[in-house]
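Below is one structure, written out as structure tokens, with a few remarks after it.
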Amino acid sequence: RNENGAAVIAPITAQSAEQDKADATWIVRRGLADRSCVSFESRNNPGDFLRHQNLALRVQPFDGTDLNRLDATFCPDPGKNGKGNSFHSANYPAKYLRHYSGKVYVAGNGDGTNPWDATALWTDDTSFIVSPPWSP
């Protein structure tokens, strides 16, 4: 979900506040840099997209630059753990969306120096199951 501009992992249930549900809902668009990939637009803030910046995912307005297009484009692959999908970065193909310590990053499988590049739980942490939106 979007939490003050950061992409975080947070439990959302049917009893969650409508604001929280909307902050956890993304519109899947054709990739801004590659139409065979996807970009995730905020349901709550139209025109804002998930984008990696310094390898951390943020929710930021689309500014039309090539770098912004690349940073906001992710290409789906079969889930690394055999379930759902994994999404690699368009401009860092060896790095995948990964949740780590409650936040979302683009991460390599042991090929970086950041804590979120650790191999432990990498296949599970990079596999996502798409579900119906919380907010229409």
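- Inter-residue side-chain proximity for Lys83 and Ile129 is flagged as met; some heavy-atom pair is nearer than 4.5 Å.
- The closest side-chain heavy-atom distance from Lys95 to Asp111 is below 4.5 Å.
- We find the CD1-OG distance between Ile12 and Ser131 to be 11.0 Å, quoted to the nearest 0.5 Å.
- Rounding to the nearest 0.5 Å places CG of Asn91 at 8.0 Å from OG1 of Thr73.
- When all heavy atoms of Thr13 and Lys21 are compared, the pair lying nearest together is O-CE, 3.4 Å.
- When all heavy atoms of Asp20 and Ser16 are compared, the pair lying nearest together is CB-CB, 4.4 Å.
- Residue Thr126 holds its OG1 atom at 11.0 Å from CZ of Phe87, rounded to the nearest 0.5 Å.
- The backbone N or O of Asp77 lies less than 3.5 Å from no partner atom in the side chain of Ser86, so there is not a single donor-acceptor pair.
- Contact of the Leu50 side chain with the Val59 side chain is registered, since non-hydrogen atoms from C-beta on lie closer than 4.5 Å.
- By the 4.5 Å heavy-atom criterion applied to side chains, Asn68 and Arg51 are counted as neighbours.
- Note: Arg30 CZ to Ser36 OG = 10.0 Å, rounded to the nearest 0.5 Å.
- A distance-only check finds no donor-acceptor pair linking the side chain of Trp122 to the backbone of Gly110 [under 3.5 Å].
- Annotation: side chain of Thr25 is not in contact with side chain of Asn44 (no heavy-atom distance under 4.5 Å).
- Screening Val104, Asp117, Leu121 against Arg98 for a side chain to side chain contact (heavy atoms under 4.5 Å, CB included) leaves a single residue, Leu121.
- No side-chain heavy atom of Phe128 sits less than 4.5 Å from a side-chain heavy atom of Tyr96.
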**Request:** Just do the ring-ring contact (aromatic ring centres under 6.0 Å, His included) check on Phe40 and Trp26 with the steps written out, would you?
**Result:** CA-CA 6 Å; Phe40 300 97; Trp26 306 96; 7.4 Å; no
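- Expressed to the nearest 0.5 Å, how far OG of Ser127 lies from CG of Asn85 amounts to 8.5 Å.
- Residues Phe49 and Ala72 share a closest heavy-atom pair of CB-CB, 4.2 Å.
- Scanning all heavy atoms of the two residues, the minimum distance from Ser89 to Phe74 falls at CA-CD2, 4.0 Å.
- Between the side chain of Glu41 and the main chain of Gly47, a donor-acceptor pair closer than 3.5 Å is present.
- In terms of heavy atoms, Asn45 sits closest to Asn2 at ND2-ND2, 3.4 Å.
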**Item:** Intermediate values then yes/no, side chain to side chain contact (heavy atoms under 4.5 Å, CB included), Leu32 and Phe62
**Value:** CA-CA 9 Å; Leu32 296 170; Phe62 176 60; 3.7 Å; yes
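- Under the 4.5 Å side-chain criterion, counting only non-hydrogen atoms from C-beta, His52 is not in contact with Arg58.
- Linking ILVMFWY side-chain heavy atoms closer than 4.5 Å, directly or via other members, places Leu97 and Tyr92 in two distinct hydrophobic clusters.
- When all heavy atoms are compared, the tightest approach of Ala22 to Arg43 is O-CB, 4.1 Å.
- Contact annotation: the side chain of Tyr105 never approaches that of Asn114 to less than 4.5 Å [non-hydrogen atoms, C-beta and beyond].
- Side chains of Asn81 and Thr123: a donor-acceptor N/O pair is absent below 3.5 angstrom, by distance only.
- Separation of atoms NZ (Lys80) and CG (Asn109) is listed at 8.5 Å; rounding is to 0.5 Å.
- For Asp66, the CG atom sits in a loose shell: 12 or fewer heavy atoms of surrounding residues, nucleotides or ligands are nearer than 6.0 Å.
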**Request:** Let me see the working for Val106 and Trp116 under side chain to side chain contact (heavy atoms under 4.5 Å, CB included), right down to the final yes or no.
**Result:** CA-CA 8 Å; Val106 289; Trp116 54 84; over 6 Å; no
